[in-house]
Amino acid sequence: MDSSSLLSLSTFGYLAATGAYLAAFLFKSKKAGLAGTTLTALTFLLQTFALGLRWYESYQLGAGHAPLTNMYESLVFFSWAIASFYLILEYKFKNRSLGAFAMPFAFLAMAFASSGWVDQNINPLIPALQSNWLIAHVVTCFIGYAAFAVACGIAVMYLLKDKAPKSTGLLAALPDLKVIDDIIHKSMVYGFLWLSAGIITGAIWANSAWGTYWSWDPKETWSLITWFFYAAILHARFTRGWHGTRIAWLAIGGFLCVVFTYYGVNYLLSGLHSYGGS
Amino acid sequence: MNPQKNNIWMFLASVKLALSILFLLAAASIIGTILPQGEAAGVYRDFYTTSFGLSGSSADILTKITFQLDLDAMYQSWWFRGLLLLLSLNLIVCSIERLPDVWRLVVLDNLATPLDRITNMRTRRQYTTNLGVKESCEAVSAKLQTRGWQTSRRDRDGGTLLFAQKAPWSRLGVYVVHISILTIFTGALIGSIWGQKGAVNIPETLTTDKIYQFGPGTPIDLGFTVKCNWFHLTKYPNGAPKKYESELVILENDEEILTKTIAVNDPLTYKGWTFYQSSYQSHQKFIISVANSDTQVEERFLAPPKQAVRWQQENLLFGIQELIPTAIPGNYKYKLLLSDGKGGQKIHILPDNEQLTINQEDGSSYTFHVKEFYSTGLQVAKDPGVWIVYLGCGLMLIGLWVAFFVFHKRLWILVSREQDTTHIFLGGTTNKNKAGFETEFNTLSDSVADINQIEAQ
Ligand code: HEM
C-alpha cells in the first residue's frame, strides 16, 4: 500500500472516531467513548506511519523531503497534530466528551486534504523551500494551529453547555463550565507559544533565503494579526478577568483568523499581490 | 507629581490601552493586506472601481484619502509607526509601574509572613505528632528535601516556621516577554536606519563593486569587489529548478579574500553585507572553454549558437552548430563543429557542463567544455539590527515558556507545641495552575504524613 491510500484510510478513521465520540456523548455510552479513543489512537498511529512512508516515497521519486511542504502535506500534519493534542488533553483531563468537539477538526482537515481540491502529488522542492527552517516553521505553526482548533471546538462545547437549561441529561456529562473554561485557556496559551515560535522560525527562514526577515506580505501579516488577536485575549483574561462566554467567543474568532491566515489568504488576497498561493 | 501628568502616566500604564492597541494593530494590518501596497494612483482608482464597484468620483475621493493617510505604504506610515511607538511606551510604562512589586515578590522574605495568613490559606493540611518541635522540623525538612524542596527555618512567636519555594524568578517571565518585544523593535529600528537592501546581477566571470537599491535603483558602493566565477542551474527530471548556485569571490585591491559557493538559503556574508542567491538571467550565449592537452594553454570564448569562433593562436575554428534537447526540459547537449583549419570538419556531441577531449588527426588534442552563459541574480542586504531581532525572538520564546509553564510555588510549615502535642501546619500557594498545584500539594502532604508518629487531621 502507498501512503496516499493509508492517508485516505486515516480520513475514515477520524470520521469513525468522531462518530464514536458523538455517540458516546449523545447516548451516554461508555463503550462508544472507549471506541472513540481506540479509533483515534489507531488512526493516529496509522497516520504517523503514512507520513513516514510518504517521506520515504519522496526519496524514491528523487524529490526527497520531509512531508511538510505543500497544502496537502500541511493539512495532513494539521490533522495529525490535532489528534495528538487531543489525545494528550483526553489523557490529562480524563474526559472523553471533549472528543466529540475536537476530533471533527482532525477529520475535516483530512477530508479537505483528500477532497480533490488539493494537489496530492509529491512535488520536488523549488530551491527556496529547501531549508530546515521551513520544516521547523511548518511544524511549529501547525502545532499552534492544532491547539487553536481544539480550543475552538471546546469553546463551542462551552457555549452549548452555557446556553442549555441547567441539568439537562446530555450536557451534564460535559465537564464543569469552569473546567471547560480552563481547557480553552490552556489550549490557547499552548497555541500562542507555538504560533510565536512559528512566526519566528518563518522570519529566520525568510532572512536566510532572501535577507529580509519581515516583508509584510499578506500571509506574514495575517499570522501577525492572529498573534495580536490571541495576545489580546490572553491579556483580557489575565489582567482584566475576562472568562466564560466572552473568552469562548474569542476562541472561535481566533480560530477563524487562523483559518483565514492558513487558507483564505491564498485564495482571497493572492489576486491582489504578487505573492501567491503555495 | 501633578495630577495631569499622573493621568497620562496611568493611561500609558493601563492594560486597557494595551488591549486597544493590540486590536487596532490587528485591524490596521488587515487594511494593508487588502489594499495593494506601493502602487501609483491609477492602480488604486482601478482597485476601487473594479474590486469595490465604486463610481469614478467616489474612487477618486478614496484614492485621495489613500494617499493622505499613506495607506499605499501603510506599514511605513507615520500613524502605523505611531501605534508601534505607543505600544512600546505602553510596555515600558506598564513595566516601570509593576516591576517593583513583582521584584518584591521574587525576593520576599517569606519567613516573615504573618502566621494567620498561613493558617488561612486555601490549600492547607494539619497534623499532630508526639515528636518534639525540633525533631518534627527535621523530619519534615528531610522529607521535603527528598522531593526537591529546600527548606529554610526561623523561630517565630507561636512556633517554628519552615519555608520552601520553587521558581520565584518565574514571575519575571512576563517581563522577559515584554522586554523581548522592545528588543525586537530596537533591532528593527536599527535595521531601518543603518540597514541597506539592494540587488545586483553579475555576469559569470565578471565583477561588481556596486549594488542597486530596491525601488529607486540608486547605486550603493560596497567598498570591495565581488566576482562571480560561475553560476550553475540544476534541474529536476521534470525541468523544474532544483538548485541555483554561484561561486562568488570577494576581492579587495585585486586580492582574493574569500571564495564561497552560495545557493538559495545559503548566503555569503562579508563585512556586514550578505549576498543571497535569488535569480539568474540567461543570455542565449555559451561559454566555450578550450585547452590544448599538450601545452595546457587554455582560452575561453563567448558565442551564441551557430556562430563560428576562431582561436587564432592554435589555428582552431569551431562553434556550436545546434542545441540538442535532452530528456530534461530546458537542458541541452551541444553539437560542436570543429575544423582543423585545413578544410577538415568534424561533429562532436558534448554534454552540458562536461569536458570532452578531442584528438585531431594531426596528433594534437584539445579539451572542450561548454556551458550556458548566465548572470547570477543576487539580493544583497546589510542589516546590523538582525542579531538584536534574533536575540529578542529568543528572549520571547524563553519568556513565554516561563510565563506559561513555570510556576512560583510556595510552602510554609508551621510547627508549634501545645501541651503534650506538636501541631504541624502545612500551607501552600501558587501564582498559576492552581489545580495542578493542589495535586502536588496533596502528594507532598501525604508524604509528610508518612513520617512516623505523625497523624493527619
Ligand atoms: C504584543 C505585545 C504583548 C505580548 C506578546 C505580551 C505577552 C504577555 C504574556 C504572555 C503575558 C502572560 C499572560 C499569562 O500568564 O497568561 C502577559 C502578561 C501581562 N501583560 Fe503583556 N504582552 C504584550 C503587550 C503588553 C502591553 C502593551 C502591556 C501594557 C500594559 C502589557 C501588560 C501586561 C500585564 C500587566 C500582564 C500581567 C503581568 C503580571 O502578571 O504581572 N502587555 N503579557
Side-chain angles (χ1 to χ4, degrees), chain A residues 61-63 123-134 179 182 186 189-190 192-194 196-197 199-201 203-205 207-222 224-236 238-240 257 265 268-269 271-273, chain B residues 15-16 18-27 29-30 32-37 47 51 74-76 174 177 187-188 191 197 234 236-238 240-245 263-267 274-278 379-383 386 389-390 393-394 396-397 400-401 403-405 433 435:
Chain A
L61 289 173
N123 291 318
L125 290 187
I126 58 164
L129 298 185
Q130 297 163 14
S131 165
N132 287 332
W133 287 111
L134 168 67
V179 176
D182 186 46
K186 288 204 165 111
V189 157
Y190 188 75
F192 188 74
L193 177 66
W194 285 100
S196 309
I199 295 175
I200 289 172
T201 46
I204 297 176
W205 171 35
N207 193 44
S208 72
W210 37 81
T212 306
Y213 52 82
W214 195 262
S215 47
W216 293 108
D217 84 36
K219 194 115 185 164
E220 272 174 8
T221 308
W222 267 96
L224 189 68
I225 292 166
T226 307
W227 190 78
F228 282 143
F229 193 84
Y230 280 105
I233 300 177
L234 292 184
H235 284 83
F238 198 70
T239 61
R240 307 201 61 80
C257 277
V265 170
L268 293 173
L269 298 179
L272 308 176
H273 294 262
Chain B
V15 180
K16 248 189 201 159
L19 289 177
S20 318
I21 297 175
L22 288 174
F23 277 118
L24 275 176
L25 277 172
S29 302
I30 296 176
T33 65
I34 295 173
L35 211 58
Q37 295 289 296
F47 176 78
S51 297
M74 214 210 74
Y75 304 109
Q76 290 81 37
V174 169
V177 177
K197 301 230 156 110
T234 324
Y236 289 107
N238 69 0
K242 180 177 186 178
K243 199 160 194 190
Y244 305 144
E245 287 172 293
V264 182
N265 279 309
D266 184 13
T274 307
F275 298 83
Y276 300 86
Q277 180 75 66
S278 74
Q379 285 195 13
V380 188
K382 179 185 209 164
D383 187 344
V386 75
V389 171
Y390 283 1
C393 292
M396 175 179 289
L397 291 180
L400 283 174
W401 178 264
F404 291 150
F405 299 115
N433 191 30

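Since we're looking at a predicted model, the values are computed, not measured. Lettering of chains follows the sequences in order, A, B, ..., and the numbering in each one begins at 1.
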Non-hydrogen atoms of chain A under 4.5 Å away: do they reach the side chain of [X], the backbone, both or neither?
X	value
B:Asp266	backbone
B:Gln76	side chain
B:Val380	neither
B:Ala26	both
B:Ser278	neither
B:Ile21	neither
B:Phe275	neither
B:Lys382	neither
B:Ala403	neither

State the [atom1]-[atom2] distance between [X] and [Y], to the nearest 0.5 angstrom.
X	Y	atom1	atom2	result
A:Trp227	B:Leu25	CH2	CG	10.0 Å
A:Leu125	B:Lys243	CG	NZ	12.5 Å
B:Asn265	A:Leu134	CG	CG	8.5 Å

When you look at CH2 of A:Trp222, are more than 12 heavy atoms from neighbouring residues, nucleotides or ligands closer to it than 6.0 Å?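 Counting neighbours around CH2 of A:Trp222, more than 12 heavy atoms of other residues, nucleotides or ligands fall under 6.0 Å, so yes.
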
Check [X] against [Y] and note the closest heavy-atom contact, atom names and distance.
X	Y	value
A:Leu234	B:Phe404	CD1-CZ, 3.7 Å
B:Leu400	A:Ser196	CD1-OG, 3.3 Å
A:Pro124	B:Asn238	CG-ND2, 3.9 Å
A:Pro127	B:Val264	CB-CG2, 3.7 Å
B:Phe405	A:Val189	CZ-CG1, 4.4 Å

Given that the side chain runs from C-beta out, which part of [X] has a heavy atom under 4.5 Å from chain B: side chain, backbone, both or neither?
X	value
A:Thr212	both
A:Thr239	side chain
A:Asn123	neither
A:Trp205	both
A:Leu224	neither

Using only atom types and a distance under 3.5 Å, with no angle test, would you say the side chain of A:Gln130 pairs donor to acceptor with the backbone of B:Lys242?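 At least one qualifying donor-acceptor pair exists.
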
Please check this pair: side chain of B:Tyr236 against backbone of A:Ile126, looking for a donor-acceptor N/O pair closer than 3.5 Å.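 Judged by distance alone, no pair lies under 3.5 Å.
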
Residue among B:Ala18, B:Ser29, B:Ala381 with most heavy-atom pairs under 4.5 Å to chain A: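 Maximum pair count with chain A is reached by B:Ser29.
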
If you count heavy-atom pairs under 4.5 Å between each of B:Tyr75, B:Phe23, B:Trp401 and chain A, which one has the most?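 The option with the most such pairs is B:Tyr75.
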
Below 4.5 Å, heavy atoms only, C-beta onward: do A:Val265 and B:Thr33 meet side chain to side chain?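 Counting from C-beta outward, A:Val265 and B:Thr33 never come under 4.5 Å.
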
Using side-chain heavy atoms (C-beta onward) and a distance below 4.5 Å, is A:Phe229 in contact with B:Leu22?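 Result no, sub-4.5 Å side-chain heavy-atom pair not found.
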
Sequence neighbours left out, what passes ring-ring contact (aromatic ring centres under 6.0 Å, His included) with B:Tyr244? Give chain and number order.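 By the ring-ring contact (aromatic ring centres under 6.0 Å, His included) rule, B:Tyr244 matches B:Tyr280.
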
At a heavy-atom distance under 4.5 Å, which candidate from A:Ala231, A:Ala232, A:Ala203 has the highest pair count against chain B?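 It is A:Ala232.
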
Hey, which of A:Ile233, A:Leu129, A:Asn207 has the most heavy atom pairs under 4.5 Å with chain B?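 The option with the most such pairs is A:Asn207.
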
Identify, with sequence neighbours excluded, every residue that meets side chain to side chain contact (heavy atoms under 4.5 Å, CB included) alongside A:Ala197.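 By the side chain to side chain contact (heavy atoms under 4.5 Å, CB included) rule, A:Ala197 matches A:Thr140, B:Leu397.
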
Apply the test side chain to side chain contact (heavy atoms under 4.5 Å, CB included) to residues A:Trp214 and B:Val389: give CA-CA distance (whole Å), side-chain angles for both, the deciding distance (0.1 Å), then the verdict. CA-CA 11 Å; A:Trp214 195 262; B:Val389 171; over 6 Å; no

